[in-house]
Each structure stands twice: as C-alpha cells, then as structure tokens.
Amino acid sequence: MSNRYEQALARASAKFRLSGMEAAKKGIIPYKSENGRWVPSPFCGNGWWTGGFWPGLMWQLWVYTSDNWFREEARRAEALLVEEFRRFTELNHDVGFMYLLSCGADWKLSGDEQARIDTLHAASLMMGRFNPRGFFRAWDGADRTGYAIIDCMMNLSLLFWASRQTEDPRFAHAARIHADTAMREFLRPDGSVSHIIEFDPETGARVREHPGQGYALGTQWSRGQAWGLYGFTLAYLNTKDPRYLETAERIAANFVSHIRPDGLTDCDFCQPPEEERLDNIAGAVAACGLLELDKATGNAAWRDAAEKLVNGMLDLCVDWSDGQCGLLTRCTASYHDDGAGRHTNITYGDYFLVEALMKLTGRDPMLWM
Ligand code: GLY
C-alpha cells in the first residue's frame, strides 16, 4: 500500500509545482480552485483563517522534493501573512493555523530567526484573546465575547510551542485551561463534540450551545469532530497528559464509527440520510489525527481507519489533471453554504491530504509542534 502513497505524493508534488506557478504569478495565497484556477479568499483576503495552509503545503512539498522553488513559494506567502499583523483587527484565534504552518514551519525547517520571532508574535496575539475565566475567545464582534469553538484545539499548539521557546509556562498554562474547558463543555457522552459554546465572559459559566457549520444544533459537524480529534491528540503530544489522550480516543472512536463504506466523509454525521453532502477535508484532518494516535498508542486500528479515509479520497476524490489547480475534491466549507463552497476544492483539504501522505510514508516534519 505504501507504494500507492509514494506515487500519490510524487503526483501531488508535480501538480502543485505546476499550479503553484500560477499562484506566484498572480501574487495571491490560493484559497480554492474555481473553474480550474486558483482564487484568493473572498472573505478578508490574506487575513482569512486559511492563509497558512498554502505555505504549509509548500513546506511539506519542499521536505518531500528538496526543490527550493517550494521553499521560495512558501516564503512568498509567509511575507503576505506577516503583513497581516499590521491589519490586526482581522486576526482571531486562528493565528495558530495561520502562523504555525507558515512562519513556524520556516523556523522549524530552516532555523530562520525572523520566522521564529514572527511565530512568537502570533502566539502573543493569541494570548491576547485569553479570557482567564477559562477559554480563548474565538471571534470578534460585540455579540461574541463569550464564544469558544472546537477548532481552537488546533490553535493551542502555537501556545505550547511558545512556552517551549521562551521557557515561560504562561502560554502553556492558558492552553491547558482552555483544553480542560473544552474537555468538560464540548465533549458529549457519545464521543462527539459541539462546535460552538458560548460562555459568560464575566464568570465563565456556560450560557448555551450554538449551531455552527453543521446541519443543526446538537448535530455532529464532521470537520468539528476532526478538529477535536486531532486537536486533543496534539494537546496530548504537547503535554503527555493522559486525559487528553483519552479524550482524543473517544472522539476518534465516534468519528471512525461514522466513516462511510467508501471511505468518504459526510459533512455532518447526523445529516438526513437522503442528503449526499460530503466534506473530505474532515476526512483528511481526521486521518492526520488518527495516524498520530496510532503512533502514540500503538493501536493499529487507528492507522487502519486513517488508511480507509485516505484510500477513499485517492480512489474517488482527487483530480490529477493539469487543468485543475487543486487536488482534493468534494470539500464543503459549511453544511448550509456560506458562500465558501460546496463539493469543491479548498486548499486546506489539499494541505491535510498531503500531510497524511507524508505521515503514511514516514516523512512528515510535524509542523504543528
Ligand atoms: N476553522 C473553520 C473551519 O473549519 O471552517
């Protein structure tokens, strides 16, 4: 099977080497492939939470190929993201996604000191969103002072990284406080997780759950399940706290029980059965988390499940043609379309599929830590 993953990586690197030149020529950070061509985020441009995935993909492919074109393309995007520090008001808790995979990856793979400083800058911005009543505030907006979301579990890695870098435990303390809150308030008895929980910003008391990007209130948005799965796995890898591992495995067991027979991933595990709505990004993120869980626990069932997801995508949902910039198809940003796209390509799907292939072939540089 690993030969299949080797071949997929070889083809992916050739594809992105070609289509990446279009992104460089346009001077954009690709958000998705539309009519076969890369387009930037229609939301707030390079400040959108997804900006780190393109440079992250380029760094992964630089590790794979040693072709310095990928490194230069990653740095072109990194420079655009660093400019976003000046805009500031567009940035939110997703600085983890944005800057770990860009500046953080640059520092990790090249030792560049400015990239390290920029990553620390991002961690300090993240700390500015901490509410000492127990959570990181996700988004801005007067009505959202108490909003926390499961996706944030992925952003916490930036804080654990910053504590190691600075030998100052404050970043990690805050990350642990948030992770403990998420374990208590987001995790449900069946191993699924909520997307959005609102807390009272004065007291930290739970106010209510909100419907998020899934089908309806109380359902299981699959990408949220995947963020929880991989996020708690990373919290465990960062802390070695067995409670986080146990949580990650509970979320994983629920996710695995919902993988479709063809290996693809529904957008919401509670969506109406007659509705064919997929989000392969959820499957790609989950595969990465499951492969880390396999390494952490030695339980091969996690690797088997990850392979089922990756094989489903490789069998049915990758577009290798040169006429199409992006790779992974049938990705859905939100169950109820918010304009970002349904059954389309989005670059974070490409990033996580390539990360999973790098893990499956023993090459992943682990850019999250
Ligand atoms: N983190 C936002 C999303 O997954 O759409």
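All ligand and atom numbering here is 1-based and tracks the order in the structure.
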*Might you confirm whether atom CZ of Arg133 has over 12 heavy atoms from other residues, nucleotides or ligands at distances under 6.0 Å?*
no
*Which protein heavy atom lies closest to atom 1 (N) of ligand 1, and at what distance to 0.1 Å?*
Asp151 OD2, 2.7 Å
Under 3.5 Å, which donor-acceptor pairs link side chains of residues 16-27 to any protein atom two or more places apart or in another chain?
| from | atom 1 | to | atom 2 | distance (Å) |
| --- | --- | --- | --- | --- |
| Arg17 | NE | Asp67 | OD2 | 2.8 |
| Ser19 | OG | Trp38 | NE1 | 3.3 |
| Ser19 | OG | Cys325 | O | 3.3 |
| Glu22 | OE1 | Arg37 | NE | 2.7 |
| Glu22 | OE1 | Arg37 | NH2 | 3.2 |
| Glu22 | OE2 | Lys26 | NZ | 2.7 |
| Glu22 | OE2 | Trp38 | N | 3.2 |
| Lys26 | NZ | Trp38 | O | 2.7 |

_With a cutoff of 4.0 Å, is Trp48 in contact with ligand 1, counting heavy atoms of the residue only?_
no
*What atoms of ligand 1 come within less than 4.0 Å of a heavy atom belonging to Trp227?*
1 (N), 3 (C), 4 (O)
*asked:* Minimum distance, heavy atoms only, to atom 4 (O) of ligand 1: which one of Met154, Gln213, Arg223 is it?
replied: Arg223
*Which of these passes ring pair (Phe, Tyr, Trp, His ring centres under 6.0 Å) with Tyr99: Phe85, Trp49, Phe53?*
Phe85
*Can you find an N/O atom of Trp49 closer than 3.5 Å to an N/O atom of ligand 1?*
no
_Between the side chains of Asp106 and Arg75, is the shortest nitrogen-to-carboxylate-oxygen separation below 4.0 Å, so that they form an ion pair?_
yes
*Under a 4.0 Å N-O cut-off, is there an ion pair linking Glu246 with Arg243?*
no
